[in-house]
Amino acid sequence: MPAGAVPAQEQGDGDEDPAFEALRARDAPARGEGRRGAQVEEGYRLGVPDPLVRARAVPACEGPPDGPRDGERGRRPGRRPDGIHPEVSPCGRSGRGQGRSGVTEDWNELIRERIRKADEIRRNGGTPYPNDRKVGWTTEMARRAAGDKSPEELSREEIRVDIAGRIVASRNFGKAAFVVLADRTGRLQAYIRKDKVGDREYDLFLKTTDVGDIVWVEGPLFITRTGELTVQADRYRLLTKAIRPLPEKWHGLVDVETRYRQRYVDLIVNEKVKEVFRRRARIIAWIRSFLTERDFLEVETPMMQPVAGGAAAKPFVTRHNALGMDLFLRIAPELYLKRLLVGGFERVFEINRNFRNEGISTQHNPEFTMLEFYQAYATHEDLMKLTEEMLSGLALTLFGTTVVTVQGETIDFAPPWERITVAGAVARYGGVPEERLSDPEFLRKTAEGLGLPVKGDAAPGRLLVDIFEEVAERRIEGPAFVTEYPVEVSPLSRRNDARPGIADRFELIVLGREIANAFSELNDPLDQRRRFEEQLRLRERGDEEAHYMDEDFLRALEHGMPPAAGEGIGIDRLVMLFTDSPSIRDVILFPQLRKEG
RNA sequence: GAGCCCAUAGCUCAGUAGGUAGAGCAUCUGACUUUUAAUCAGAGGGUCGCAGGUUCGAUUCCUGCUGGGCUCACCA
């Protein structure tokens, strides 16, 4: 408790309540600064204590705050029956008045009503924002304690619980009421009776509590006539007064934009959303322990990098003032994780955000979570096995089976997974004889025939991959490892010993989407330098996503990086798969949107 | 970046072949002590996304803008 604070029970009114301080700071501009000055006269004034009125220059209103309220109905500013639009009065109760400052207040009747109730609590010697209750139980603990006991057993045993949660439903019967409380573990009904909690408490409850408020109840568990486990509250306390109403109980919050922008509301009213993010957390925790058990060390490498490397993507730029330099938000952690292989951490992984300054879609958010892991003395072949183990094990843990249904399609993660080469996939899905795919002229004509943008000097390998992505990738159901990527499109990848034009690399495709990308790592510093130089040439020719030269990374390789394999898995897309979510925004708590109008 | 679609009460949605709008839930008043979208009676609540244009008159028609969704392009 902050120094000088008074225990909530002893407060005469809400004056000392820090939460209330914040609340009224919102309404009353601080002395001398009038950012919302033009707005003040339209702001709510109910229950603003007198000292505040004087100190903050809120216009005082005539009559007691709760006096003429009802009488005012029907002559709200701007809605006078006579059609005359009066100047907004200092005591105006306009909800959505447009102030002359242009600021819009969207405090409507419902919000004003709830603020009035908060004041009602204060007038009765309480506070609408106490923090004086410890909570002993969760709704889940209560359910478990009740088990499958019969109503009779339950009442005999008198299991007393105390739970806290948000009221998500309320059914009122005059002298008794049912409320449904939601906490982090679930929902549970509470039954509040006048003869149990006392007349005064009960009347205040009725007058001041709404759906959306956070409350605490204590009492024995029982089962109602309709068979629902319920807390018979003999003590009750409002813990947080919500002054905004929740969406309606039946349809909930549907508007997609509001769901993303106000995820807090989405989480309150749409239980399935909570489950998606619980599962996301479980997936990440599971992967973390899967790798840790295999002796991988979790590390954190820079998100702000002087050179954005490790992937082909456009970076975000930011500015460090004290250093006087521009920095890039990372597009991948790869080059730093490999530095750690050089340093002797032979197995490392990182689960963290990458940032790519590119389009937004159901598959792309500008910041997204990537798992990358690197294992010394392993090859991409080893990582295929590891990936099979990881994802089939994950599916088994989540669903008890390796068979997962995604968007109506059934995917079986049971190993071994199909393996197909890039050229093989083009041959199979494009109906092209595979041997012709080594003919650069044929590749060029095919790409042009598909309407792909073909640069005059495009490498044959680039063309092959473009064709693959056009005709084959989205048709691979998978899970399938696509192998034998051309070296030209794999500038950080080790060359195949027998076929130097081929990279020892695979991508994991599930439902036509890339879930993982892995390869045996290039650790020949001179070859790596030549690959960077080639990338620079591409960049000079206008390829904005070509890699930059990273001299420090090359210096690290020059010290000797053990032979290794590394892999990246897009966590968001993995979570989409395992939560059957059609959009990446459904698995990111706060997806990137344009700023609100 | 392009195309198509959407924006009406706090929420979910109707609607106006151009004459400033309705329902359900929520809110308020009253009744109701085991309900399950509780019920019953009554009341209030809207610059119909924003800005122009056409018109006697625009929430409705037209144009632009803003925000969102989907598809395509780029990417993971």
Side-chain angles (χ1 to χ4, degrees), chain A residues 69-70 72-74 76 78-79 83 85 94-98 104 106-114 116-117 151 169-180 189-196 202 207 210-212 222-228 230 232 243-262 265 269 311-314 331-332 354 356-371 451-453 466 469-470 507-509 513-517 544-545 568-574 576 582-585 593-597:
Chain A
R69 206 179 315 116
D70 290 348
E72 279 177 10
R73 205 162 268 144
R76 303 159 49 72
R79 302 220 103 229
H85 288 231
S94 161
R96 191 191 276 257
Q98 293 223 317
T104 299
D106 60 353
W107 284 16
N108 62 12
E109 175 199 351
L110 284 76
I111 294 180
R112 286 196 312 274
E113 195 57 52
R114 284 159 172 258
R116 203 210 82 227
K117 290 174 180 177
S170 156
R171 293 176 286 276
N172 192 322
F173 289 83
K175 294 191 179 60
F178 291 93
V179 294
V180 178
Q189 181 170 264
Y191 182 48
I192 301 174
R193 291 168 57 130
K194 191 164 186 165
D195 58 2
K196 296 279 183 187
Y202 187 82
K207 272 198 289 187
D210 294 291
V211 170
F222 77 109
I223 291 173
T224 63
R225 243 180 246 154
T226 48
E228 178 141 352
T230 303
Q232 166 87 263
I243 63 169
R244 281 186 187 271
L246 289 178
E248 62 131 317
K249 55 193 165 193
W250 192 239
H251 302 89
L253 180 62
V254 175
D255 183 83
V256 184
E257 182 177 358
T258 311
R259 286 189 44 224
Y260 295 152
R261 285 195 198 279
Q262 300 179 32
V265 179
V269 301
K314 288 173 216 148
I331 56 177
N354 287 349
R356 298 192 184 173
N357 205 341
E358 286 158 1
I360 296 178
S361 75
T362 51
Q363 306 291 318
H364 302 85
N365 195 60
E367 53 181 306
F368 61 101
T369 301
M370 186 79 147
L371 160 69
L452 299 171
D466 286 348
E469 286 173 356
E470 180 68 19
E507 288 197 3
L508 170 65
I509 308 291
R513 291 188 218 131
E514 179 188 337
I515 297 296
N517 180 19
E544 281 185 84
E545 296 184 354
I569 296 181
I571 293 295
D572 310 277
R573 289 190 179 173
L574 189 67
M576 285 170 71
S583 170
I584 199 168
R585 296 181 201 103
L593 298 174
R594 283 188 172 80
K595 66 182 178 196
E596 274 184 273

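Numbered from 1 within each chain, the chains take letters A, B, ... in sequence-line order.
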Distance between the C1' atoms of B:G53 and B:A58, in whole angstroms? 11 Å

Does a nitrogen or oxygen in the side chain of A:Lys249 sit under 4.0 Å from OP1 or OP2 of B:A26? yes

Please classify the nucleic acid contact of A:Asp572 as base, sugar-phosphate, or nothing, using heavy-atom distances under 4.0 Å. nothing

Residue pair A:Lys175 / A:Arg193, side-chain heavy-atom distance below 4.5 Å: no

Base, sugar-phosphate or nothing for A:Thr362? Non-hydrogen atoms, less than 4.0 Å. sugar-phosphate

Distance (rounded to the nearest 0.5 Å) between A:Arg225 CZ and A:Thr230 OG1: 12.5 Å

Does A:Lys117 have a side-chain nitrogen or oxygen under 4.0 Å from the phosphate oxygens OP1 or OP2 of B:C28? yes

Establish whether the base of B:U35 is bridged to the side chain of A:Arg171 by a donor-acceptor pair shorter than 3.5 Å. yes

Which pairs, protein N/O on one side and nucleotides 22-24 of chain B N/O on the other, fall under 3.5 Å?
from  : atom 1 : to       : atom 2 : distance (Å)
B:G24 : N2     : A:Glu248 : OE2    : 2.9

Kindly write out the residues that satisfy side-chain hydrogen bond (donor to acceptor under 3.5 Å, both in side chains) with A:Asn357, not counting sequence neighbours, or none if the list is empty. none

Atom NZ in A:Lys117, atom CD1 in A:Ile243: separation rounded to 0.5 Å? 12.5 Å

Main-chain N/O of A:Gly212 paired to A:Asp210 side chain as donor or acceptor, under 3.5 Å: no

Taking atom P in both B:G3 and B:C65, what distance in whole Å separates the two? 11 Å

Given B:U66, is OP1 or OP2 found less than 4.0 Å from the side-chain N or O atoms of A:Arg594? no

With sequence neighbours excluded, what pairs up with A:Gln262 under the side-chain hydrogen bond (donor to acceptor under 3.5 Å, both in side chains) test? none

What's the separation between atom CZ in A:Arg585 and atom OG in A:Ser361, rounded to the nearest 0.5 Å? 7.0 Å

State, with a plain yes or no, whether a side-chain heavy atom of A:Asn354 is found less than 4.5 Å away from one of A:Ile331. no

At under 4.0 Å, does any side-chain N or O of A:Asn108 touch on OP1 or OP2 of B:G45? no

Any donor-acceptor pair under 3.5 Å joining the side chain of A:Glu257 to the base of B:G67? no

What string of B, S and - do you get for nucleotides 2-8 of chain B 5' to 3' if you count protein non-hydrogen atoms under 4.0 Å? -------

Nearest-Å distance once atom C1' is located in both B:G52 and B:G15: 26 Å

5′-ward residue of the pair A:Thr230/A:Asn172 relative to RNA chain B: A:Thr230

B:U12 versus B:G46 - spacing of their C1' atoms, nearest Å: 16 Å

Does B:U35 have OP1 or OP2 sitting under 4.0 Å from an N or O in the side chain of A:Lys175? no

Test of understanding: with ring-ring contact (aromatic ring centres under 6.0 Å, His included), list the residues that count as partners of A:Tyr260, not counting sequence neighbours. none

Contact check, side chains of A:Thr258 and A:Val265, non-hydrogen atoms, under 4.5 Å: no

Let me know the distance between CG of A:Asp466 and P of B:A73, rounded to the nearest Å. 12 Å

Whether the side chain of A:Glu228 and the base of B:U35 hold a donor-acceptor pair under 3.5 Å is what I'd like checked. no

Taking the side chain of A:Leu593 as its heavy atoms from C-beta onward, which of B:C70, B:G44, B:G69 lies nearest to it? B:G69

Here the distance between atom P of B:U33 and atom CD of A:Gln232, to the nearest Å, is 15 Å

Upstream residue (5' side of RNA chain B) when A:Gly570 and A:Arg193 are each assigned their closest nucleotide: A:Arg193

Starting at CD of A:Gln189, measure out to CZ of A:Phe222 and round the result to the nearest 0.5 Å. 7.0 Å

A:Ser361 side chain, from C-beta outward: closest of B:U12, B:A73, B:U34: B:A73

Any side-chain heavy-atom pair from A:Pro245 and A:Ile111 closer than 4.5 angstrom? yes

Within less than 4.0 Å of OP1 or OP2 of B:U12, is there a side-chain N or O belonging to A:Arg259? no

Can you see if the side chain of A:Arg585 gets near the phosphate of B:G69 - specifically, an N or O under 4.0 Å from OP1 or OP2? yes

What form does the base of B:A17 take, syn (within 90° of 0) or anti? syn

Stacking check: are the rings of A:Phe173 and B:C32 less than 5.5 Å apart at their centres and under 30 degrees in tilt? no

Taking atom P in both B:U54 and B:U16, compute the distance separating them and give it to the nearest angstrom. 26 Å

Looking only at atom P, what distance separates B:C40 and B:U35, rounded to whole Å? 16 Å

For the C1' atoms, the ones on B:U59 and on B:A9, what distance do you get once it is rounded to whole angstrom? 14 Å

Using whole Å, what does the distance between atom C1' of nucleotide B:U34 and atom NZ of A:Lys194 come to? 18 Å

Rounded P spacing from B:G64 to B:C5 in Å: 13 Å

Go through RNA chain B and write down every stem, that is, every run of at least three consecutive Watson-Crick or G-U wobble pairs with distances under 3.5 Å, as range with range. B:1-7 with B:66-72, B:10-13 with B:22-25, B:27-31 with B:39-43, B:49-53 with B:61-65

Nearest 0.5 angstrom please: A:Asn365 CG to A:Arg356 CZ, how far? 12.5 Å

Taking CZ from A:Arg261 and P from B:G69, how many angstroms apart are they, rounded to a whole number? 8 Å

